[in-house]
Asker: 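Take this structure first; my questions come after.
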Amino acid sequence: MGSDLDHNQNHQLEVRDARLYIPIKETENTNILVKTSPSKEYCFSKFPGEEHYHLLMHGEIYVTTGHDLYCVECAIRHGFITTDRLNWQHQKR
């Protein structure tokens, strides 16, 4: 029974890996920042099915590509950042 608990804990640790990566081809144009200003700034992308741009919140981590700002979720969806640790191996050549 103890080994079942160890296995479940190890599996939960694997699932909780929340590291993010910038794909090799995007490193020169992509920056990761924390929103510290009280000004209203919006993500440059809409969530699928929504008609409005969403507000970036104070303390939120966001991604810039040039002058465009993206929340982490939208940046992942557009491929500016990834959860794929081996992204450099999976690039299309």
Side-chain angles (χ1 to χ4, degrees):
M1 184 166 186
S3 65
D4 287 342
L5 290 175
D6 292 339
H7 174 72
N8 288 338
Q9 288 174 344
N10 288 336
H11 180 44
Q12 286 177 349
L13 290 175
E14 291 173 23
V15 172
R16 288 186 189 163
D17 188 358
R19 292 180 287 180
L20 299 172
Y21 306 90
I22 299 174
I24 298 297
K25 64 181 183 270
E26 301 289 336
T27 55
E28 291 182 24
N29 193 34
T30 305
N31 292 298
I32 308 296
L33 302 163
V34 176
K35 186 172 181 319
T36 57
S37 69
S39 64
K40 284 189 176 183
E41 295 174 308
Y42 293 86
C43 180
F44 275 49
S45 183
K46 298 174 186 175
F47 286 129
E50 291 188 355
E51 297 294 322
H52 62 280
Y53 295 97
H54 45 281
L55 186 65
L56 296 173
M57 303 301 293
H58 181 78
E60 182 173 355
I61 297 168
Y62 67 98
V63 178
T64 65
T65 58
H67 295 289
D68 299 343
L69 311 175
Y70 295 92
C71 70
V72 170
E73 189 171 334
C74 289
I76 291 171
R77 195 172 67 247
H78 289 288
F80 301 129
I81 57 177
T82 181
T83 57
D84 180 9
R85 182 175 185 188
L86 302 176
N87 68 83
W88 54 276
Q89 291 181 342
H90 302 142
Q91 290 184 37
K92 294 179 183 174
R93 297 176 194 242

Asker: To the nearest 0.5 Å, what is the distance between OH (Y42) and CG (L56)?
Answerer: 9.5 Å
Asker: How long is the straight-line distance from OG1 of T64 back to CG of N31, given to the nearest 0.5 Å?
Answerer: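 OG1 of T64 is found 4.0 Å from CG of N31.
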Asker: Can you confirm whether V63 sits close enough to I22 that some side-chain heavy atom of one is under 4.5 Å from a side-chain heavy atom of the other?
Answerer: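 Not touching, per the 4.5 Å side-chain cut-off.
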Asker: If the condition is ring pair (Phe, Tyr, Trp, His ring centres under 6.0 Å), which residues does Y70 pass it with, not counting sequence neighbours?
Answerer: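 Listed in chain order: H78, F80.
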Asker: Are Y53 and L55 connected, step by step, through hydrophobic side chains (Ile, Leu, Val, Met, Phe, Trp, Tyr) whose heavy atoms are closer than 4.5 Å?
Answerer: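 Yes, because Y53 and L55 connect within a single hydrophobic cluster, where side-chain heavy atoms sit under 4.5 Å apart.
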Asker: From I76 CD1 over to T83 OG1, what is the distance, rounded to the nearest 0.5 angstrom?
Answerer: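 If I round to the nearest 0.5 Å, the distance is 6.0 Å.
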Asker: What is the distance from atom CD of E51 to atom NZ of K46, rounded to the nearest 0.5 Å?
Answerer: 6.0 Å
Asker: Taking CZ in F44 as the centre, count heavy atoms belonging to other residues, nucleotides or ligands within less than 6.0 Å. Is the count above 12?
Answerer: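 Check passes, neighbour count above 12.
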Asker: Are more than 12 heavy atoms, taken from residues, nucleotides or ligands other than L33, located less than 6.0 Å from that residue's CG atom?
Answerer: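 Yes - once you tally the heavy atoms of other residues, nucleotides and ligands closer than 6.0 Å, there are more than 12.
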Asker: Do E73 and C43 touch side chain to side chain, with heavy atoms closer than 4.5 Å?
Answerer: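 They are not in contact (no side-chain heavy atoms under 4.5 Å apart), so the answer is no.
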Asker: Among residues at least two apart in sequence or on other chains, which ones pass ring pair (Phe, Tyr, Trp, His ring centres under 6.0 Å) with H54?
Answerer: F47
Asker: Are V34 and V72 connected in the hydrophobic side-chain network, where two residues link if heavy atoms are under 4.5 Å apart?
Answerer: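 Yes; tracing contacts between hydrophobic side chains, which count when under 4.5 Å, links both residues.
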Asker: Yes or no on side-chain contact (heavy atoms from CB on, under 4.5 Å) for I32 and L20, after CA distance, side-chain angles and deciding distance?
Answerer: CA-CA 10 Å; I32 308 296; L20 299 172; over 6 Å; no
Asker: Once you round to the nearest 0.5 Å, how far does OG of S45 lie from CG of L69?
Answerer: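 Reported value, rounded in 0.5 Å steps: 12.0 Å.
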Asker: For the atom pair CE (M57) and CD (E41), what is the distance rounded to the nearest 0.5 Å?
Answerer: 12.0 Å
Asker: Verify, without hydrogens or angle tests, whether K35 (side chain) and S37 (backbone) share a donor-acceptor contact under 3.5 angstrom.
Answerer: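 Flag set: sc K35 to bb S37 pair under 3.5 Å.
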